[in-house]
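Here's the structure we're looking at; comments come further down.
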Amino acid sequence: MEQGVISLDSVGAFDLQSTVESGQSYTWSREDGRMYDQTHTYGGSAWYSTVLPATMVGQPAVVRVRQRDGRLEWESTIDAHEPLVDLLRLDDNLDAIMDETADEPLIREAYEAYRGLRLVRDPPFSSLVSFICSAQMRVSRIHEMQRSLARAFGDPVEFDGQTYHAFPTPKQLATATEAELRELKLGYRAPYVVATAEMVANGELHPTDVIDMDYEQARERLTEFVGVGQKVADCVLLFSLDFLQAVPLDTWIRGAIADQFPDCDRDSYTEMSRAIRERFGAEYAGYAQTYVFHYLREAEETDVAA
DNA sequence: TATCCAAGGTAAGTT
DNA sequence: AACTTACCTTGGATA
């Protein structure tokens, strides 16, 4: 077992729990099994694990990490330092990003309230599949689906006396049948996942093909995958492909934006996206929206409870 | 205990 | 191009 420590002194604010449990990534699991547990509180020091895809480091690699005493402790089958910096966007300078973001009171409040929340940089294929699965689903169930897919079709990897499973490769998932995925409770998303996996496996289109494209063009291209509309495309662009200007517009955030920034409200997805990006800051609108999303979400939940 | 409903949308069919 | 509707499943709310 390899292990190490990543000091956060030069990284800036970072909160592991809010970053991996905020519904942008479905590749991490809490070792204590309490992911998305309603009783959780941010700031804990639980271990989280993931399995890096072979495409990233040559072969599937287990990585375990926890945040404690202002630093990140990791254990892995490989030297996981650089992969962790990459996956958790520890190379982002949050303050610099906020400097480039619109000076809106709500954004500032959200940034303070969720200090240390970062976007993730997930492996593209698992990101694509997880957001296809996200349609009309709760976060905890999306997570369960990804775990089921890994157990059923992904490579097993032994580490520290346990068996972990890598997320299936496109080829592995393309061998799945719609019926098998319905068994795994994917519901009507099952045929979408099979068709999209086939497209990637046979070389027709890979999510990374759009990396050098203009943002709106990239989003349009991703919608060629089955089960991928503009919202899911934006999630993949923002949470995997480094398009930090992408603002995924789900039904909830559209309502919230209509409330808080009525001048950005539009019927058309494309037009509303443009208006929000103009208002929040063209370069990092996705970062700003992610903070605002969680801030308003929690505010709403608190209100309902009260 | 039974029933109802919404959950971070998308595809396909109609105007 | 804009507007409707069906779609799997499940946990939590309501009766």
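Throughout, a chain's letter reflects where its sequence line sits, starting with A, and its residues are numbered from 1.
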Open item on the list: Tell me if the aromatic rings of A/Phe225 and A/Tyr192 count as close, with their centers under 6.0 Å from one another.
Closed with: no
Task: Ring geometry between A/Phe261 and A/Phe280 (parallel below 30°, tilted from 30 to 60°, perpendicular above 60°) - done: perpendicular
Task: Stretch residues 176-191 of chain A: residues that reach within less than 4.0 Å of DNA chain C through a heavy atom - done: A/Arg182, A/Lys185, A/Gly187, A/Tyr188, A/Arg189
Open item on the list: Can you list everything that forms a side chain to side chain contact (heavy atoms under 4.5 Å, CB included) with A/Glu82? Sequence neighbours excluded, please.
Closed with: none
Task: Salt bridge present between A/Arg66 and A/Glu31 (N-O < 4.0 angstrom) - done: no
Task: Nearest-angstrom distance from the residue atom OH of A/Tyr36 to P of C/dG11 - done: 16 Å
Task: Distance, rounded to the nearest Å, where A/Glu144 contributes CD and C/dG11 contributes C1' - done: 10 Å
Open item on the list: Once you apply a heavy-atom cut-off of 4.0 Å, does A/Phe293 come out as touching a base, just sugar-phosphate, or nothing?
Closed with: base
Task: NZ/NE/NH1/NH2 to OD/OE distance under 4.0 Å, A/Lys231 and A/Asp234 - done: no
Task: A/Ile276 side, atom CD1; A/Glu271 side, atom CD - distance, nearest 0.5 Å - done: 11.5 Å
Open item on the list: Closer than 4.0 angstrom, basic N to acidic O: yes or no for A/Asp91 and A/Arg121?
Closed with: yes
- [ ] Return the value, rounded to whole Å, for the distance between atom OH of A/Tyr26 and atom P of B/dG8.
- [x] 8 Å
Task: Gap in Å between the two C1' atoms, one belonging to B/dA7 and one to C/dC7, rounded - done: 13 Å
Open item on the list: If I take atom CD from residue A/Glu100 and atom CG from residue A/Asp95, how far apart are they, to the nearest 0.5 angstrom?
Closed with: 12.0 Å
Task: Between C1' of B/dG9 and CZ of A/Arg138, the distance in whole Å - done: 15 Å
Open item on the list: If you count every heavy atom of other residues, nucleotides or ligands that lies below 6.0 Å from A/Asp263 atom CG, does the total exceed 12?
Closed with: yes
Task: Test: A/Arg182 and A/Glu178 ion pair at under 4.0 Å - done: yes
- [ ] Could you please spell out the steps behind the side chain to side chain donor-acceptor pair (under 3.5 Å) verdict for A/Glu158 and A/Tyr164?
- [x] CA-CA 6 Å; A/Glu158 300 295 328; A/Tyr164 295 79; over 6 Å; no
Task: Dot-bracket encoding per residue of DNA chain C, Watson-Crick/G-U cut-off under 3.5 Å, | denoting interstrand - done: |||||||.|||||||
- [ ] Check each residue of residues 237-257 of chain A for a non-hydrogen atom within less than 4.0 Å of any atom in DNA chain B, then write out the ones that pass by number, or none.
- [x] A/Asp250, A/Thr251
Open item on the list: For the P atoms, the ones on B/dA6 and on C/dA6, what distance do you get once it is rounded to whole angstrom?
Closed with: 15 Å
Open item on the list: Please classify the nucleic acid contact of A/Val232 as base, sugar-phosphate, or nothing, using heavy-atom distances under 4.0 Å.
Closed with: sugar-phosphate
Look for any protein N or O under 3.5 Å of an N or O in nucleotides 11-15 of chain B and output each such pair with its distance, or none.
residue, atom, partner, partner atom, Å
B/dA11, OP1, A/Gly227, N, 2.7
B/dA11, OP1, A/Val228, N, 3.4

Task: Nearest-Å distance once atom C1' is located in both B/dA11 and C/dT10 - done: 23 Å
Open item on the list: Does this structure show an ion pair linking A/Glu144 with A/Lys185, if we count only N-O contacts that are shorter than 4.0 Å?
Closed with: no
Task: Trace of the side chain to side chain contact (heavy atoms under 4.5 Å, CB included) decision for A/His143 with A/Trp28 - done: CA-CA 9 Å; A/His143 190 251; A/Trp28 292 92; 5.7 Å; no
Open item on the list: Taking C/dC8 as the reference, what is the distance to B/dT3 when you measure between their P atoms (whole Å, please)?
Closed with: 22 Å
Only pairs under 3.5 Å count here: list side-chain donor-acceptor contacts from residues 197-210 of chain A, not counting sequence neighbours, and write none if there are none.
residue, atom, partner, partner atom, Å
A/Asn202, OD1, A/Glu204, N, 2.9
A/Asn202, ND2, A/Glu198, O, 3.1
A/His206, ND1, A/Thr208, N, 3.1
A/His206, ND1, A/Thr208, OG1, 2.9
A/Asp209, OD2, A/His206, N, 2.8

